[in-house]
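Counting starts at 1 for both ligands and their atoms, following the listed order.
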Amino acid sequence: MNDRNSSVRLPELFGSLVFNDRVMRERLPKETYKALRRTMELGKHLDPSVANVVANAMKDWAVEKGVTHFTHWFQPMTGITAEKHDSFISPEGDSSVIMEFSGKELVKGEPDASSFPSGGLRATFEARGYTAWDPSSYAFIKDGTLCIPTVFYSYGGEALDKKTPLLRSMEVINKQALRILRLFGNTDATRVTTTVGPEQEYFLVDKKLYEQREDLLLCGRTLFGNKPPKGQELEDHYFGVIKPRVAAFMKELNEELWKLGIFAKTEHNEVAPAQHELAPVFTNTNLATDHNQLTMEMMKKVADRHGLTCLLHEKPFDGVNGSGKHNNWSISTNTGINLLEPGDSPQENAQFLLFLTAVIKAVDEYQDLLRVSVASAGNDHRLGANEAPPAIVSMFLGDELTAILTSIEKGDDYSHKDQEDMKVGVHILPRFPKDNTDRNRTSPFAFTGNKFEFRMLGSELSISGPNVILNTIVAEELSQFADELEQAADFTAALQELIRRTITEHKRIIFNGNNYSDEWVEEAQRRGLLNLKTTVDALPSFIAEKNVKLFTKHKIFTVSELHSRYEILMDAYSKKLNIEALTMIDMARKQILPAVSSYLRDLTRSALDKKALAADLACDWETQTVRELSDCLSALHKSLGKLETHLHKAQRLSDVTQQGLYYKDTILRDMAAVREKADKAESLTAAEYWPFPSYTELLYHN
Ligand code: ADP
Ligand code: MG
């Protein structure tokens, strides 16, 4: 299965490890196939007899490929995927075995749920957790195991994973978008899905160097280190020549992903040294979420085979651009219409404008939720730094589209080139040039012609959360629009009025300028836009009354699910910082202080030896350095003491919110103080004494 032959042909390779539609059609009896498709497309209940036939066919297919085990593959709240392996082998008689896989085993599993975060959900309910097959995502083979994509829920039915709310949100937007389409006389479309193409950034560093840094090993980011003399100022890495080892990694990664049916299309170097990006061809949001999790996992595995380590942390190196993930998002019908693409007829354009204004209203009214959806301790280092959008949510539409909206708002005619009359429902919209992604790279939420690019996501984040929010908030606006338009006596007039009013009320969210500038921060404040700088500032929005109302109305989360998620996220934030602080203390005490101390001893000896040789030999460099470094170590020692004291206090706080605040306000500040002294010591210490690889080595030796 690990065919690394360079002559492999893509068509044969692509999806070869996936029990996809083609395989199902080939291997399932016609009736079973039809029943399964109905389940997949319409969410219809799967009959147990059908499940048995599917399970058996899946097992035969997998066994032919050398597979002996299966697992329910799920996405708990840890943000990574989990699996529990079982063998197909059943004993038969005393001495023989048969390979078995029943419909029951396919459809439901019971992993030990107690080891996954539940945010108190299990305190009140039974500790059991169940996994249930999600037939809308294909089963696949990974590491010789048949993986069944599943959702994960508690005994009481509460979602314990990242997948369940996503599937719920897809149902909701389907329902509301169909209501709108019917109003426009569209009776063909029977299903509306959101689509996502997540562009994934990552760093590759030499594995041997990586292993010498406790901070990278335990935290995924460096907690110490001076900026290298050469950073990204020459901009010579972006789209630069790819180094051979990295190229070999990319080639193998592509092949591994293709086998899993993930169409990884482009790859190029990113702005920072050692940073790269991978973009897949978009697919429905459910599958895209699974695929992105698999992509991240494969990146780590394949890097390892090439003596490299893949860093997915949002900010592995201070002072160097961090990594994000661009969530390209759109809405499509099962008849192939992209609802966020201006059409060829005035009617299509009116429909486009309605969906567009729904997104505008959604982003404005739920800025807080979009911000929460990308909140993590890692991403806090990136948002608002000089390479990423600030923590302020706004949207970019481009001058042309903005001008059209303005003319609609004002009731003017909008004349574009040779087109005339710009009334909603009559006019032709300009098509966007295909390649316009560079129009405004600073916007957190940019319209790029036929989709929105949500750029605030951190590289490590599951894309599930942000898409749950996008699907839900847009569905909410569509439902409000449908409520209003379904009642209207004159549809065209009501539509015109609705679009105009929505633009007037929500245009403050549109910003086409430079989001990285200080002026924007001030301007955004004048406009009343939120600026939730950190995870701890953002998280309470998740359980704010207006948002609880939204989630419960659409049955995305129950009140207890929301509160449990809030706790899990806040707790994860504190835990992460706790690990970082402990790692810092460990590295400083066991590595930095002793190493610098040896250097000091040698310098002192050298000065004394010189004196002994000839009293008039100059020792000013040694003396000066010894003095500066001694001061530095003393200051470092003091800062460490402070961090330790505060850390003990932090660990004893029992309220998650109080604890999160304390880590954010006190521990982070103490950590910065420790780092400052240690980094100064690094700058004064001879390289051979420094106990772990420097930024220069990490960023340029790969
Ligand atoms: P470029 O950045 O060169 O303009 P594209 O616009 O083709 O490239 O795509 C960037 C990312 O957006 C890709 O991952 C692509 O698959 C994704 N994408 C393109 N169209 C859609 C769509 N309708 N829905 C979701 N994602 C899309
Ligand atoms: Mg992009």
Side-chain angles (χ1 to χ4, degrees), residues 14 166 169-170 173-174 177 181 189 191-202 238-239 250 253-254 257-258 260-271 276-296 298-299 323-343 348 351-352 355-356 358-359 362-363 389 395-398 400-401 431-457 459 461-464 466-471 474-475:
F14 192 75
L166 182 67
S169 74
M170 294 193 59
I173 196 164
N174 166 56
L181 291 181
R191 180 99 199 152
V192 173
T193 43
T194 54
T195 51
V196 167
E199 300 164 68
Q200 176 75 47
E201 289 182 341
Y202 60 98
Y238 193 48
F239 285 97
M250 285 178 171
L253 176 64
N254 275 343
L257 295 178
W258 291 341
L260 289 168
I262 302 170
F263 200 84
K265 192 183 66 158
T266 54
E267 53 199 21
H268 60 78
N269 289 347
E270 265 301 325
V271 180
H276 310 279
E277 183 188 284
L278 179 143
V281 170
F282 71 95
T283 178
N284 76 61
T285 307
N286 178 26
L287 215 51
T289 302
D290 288 1
H291 283 177
N292 184 248
Q293 293 297 126
L294 284 172
T295 299
M296 293 194 284
M298 276 303 160
M299 281 177 165
S323 300
K325 182 137 63 186
H326 291 175
N327 191 82
N328 292 276
W329 179 91
S330 193
I331 323 172
S332 283
T333 66
N334 62 336
T335 50
I337 303 164
N338 179 345
L339 298 171
L340 290 177
E341 179 152 5
E348 283 167 342
Q351 185 179 295
F352 161 75
F355 278 96
L356 180 75
V359 179
V363 175
M395 67 203 278
F396 167 85
L397 293 181
E400 218 160 7
L401 195 51
R431 285 291 188 135
F432 283 78
K434 258 267 161 273
D435 186 31
N436 60 4
T437 46
D438 274 333
R439 278 175 155 209
N440 188 335
R441 290 173 56 94
T442 70
S443 175
F445 199 88
F447 183 66
T448 51
N450 58 4
K451 61 185 183 291
F452 278 96
E453 188 169 349
F454 186 24
R455 297 179 174 136
M456 290 173 91
L457 285 73
S459 46
L461 188 75
S462 157
I463 63 169
S464 167
N467 288 298
V468 168
I469 302 300
L470 276 171
N471 293 344
V474 174

Original post:
What do you reckon, does E199 have a nitrogen or oxygen under 3.5 Å from a nitrogen or oxygen of ligand 1?
Top reply: no
Original post:
Under 3.5 Å, N or O to N or O, is N450 touching ligand 1 that way?
Top reply: no
Please determine, by modelled atom types, if [X] and [Y] share a side-chain donor-acceptor pair under 3.5 angstrom.
X: N338; Y: K451; value: no
X: E453; Y: N327; value: no
X: T195; Y: S332; value: no

Subject >> Closest candidate by heavy atom, reference atom 27 (C) of ligand 1, pool F452, W329, F282 >> reply: F282
Of all the atoms in ligand 1, which lie at a distance below 4.0 Å from a heavy atom belonging to [X]?
X: S330; result: 22 (C), 23 (N), 24 (N)
X: P280; result: 13 (C), 14 (O), 15 (C), 16 (O)
X: N338; result: 23 (N)

Original post:
Side chain, backbone, both or neither: which part of N328 comes within less than 4.0 Å of ligand 1 when only heavy atoms are counted?
Top reply: both
**OP:** Tell me which part of L340 gets within contact of ligand 1: side chain, backbone, both or neither, using heavy atoms under 4.0 Å.
**Re:** neither
**OP:** Show your reasoning for whether ring-ring contact (aromatic ring centres under 6.0 Å, His included) applies to F263 and F14.
**Re:** CA-CA 8 Å; F263 200 84; F14 192 75; 5.6 Å; yes
Original post:
For the residue pair F445 and F452, is the inter-centroid distance of their aromatic rings smaller than 6.0 Å?
Top reply: yes
**OP:** First locate atom CE of M298, then atom CD of Q293, and finally report the distance between them rounded to the nearest 0.5 Å.
**Re:** 13.0 Å
**OP:** Locate the shortest heavy-atom distance separating R455 from A446; write the atom from each residue and the value.
**Re:** NH1-CB, 3.7 Å
Original post:
Does V281 come within less than 4.0 angstrom of ligand 1, counting non-hydrogen atoms of the residue?
Top reply: yes
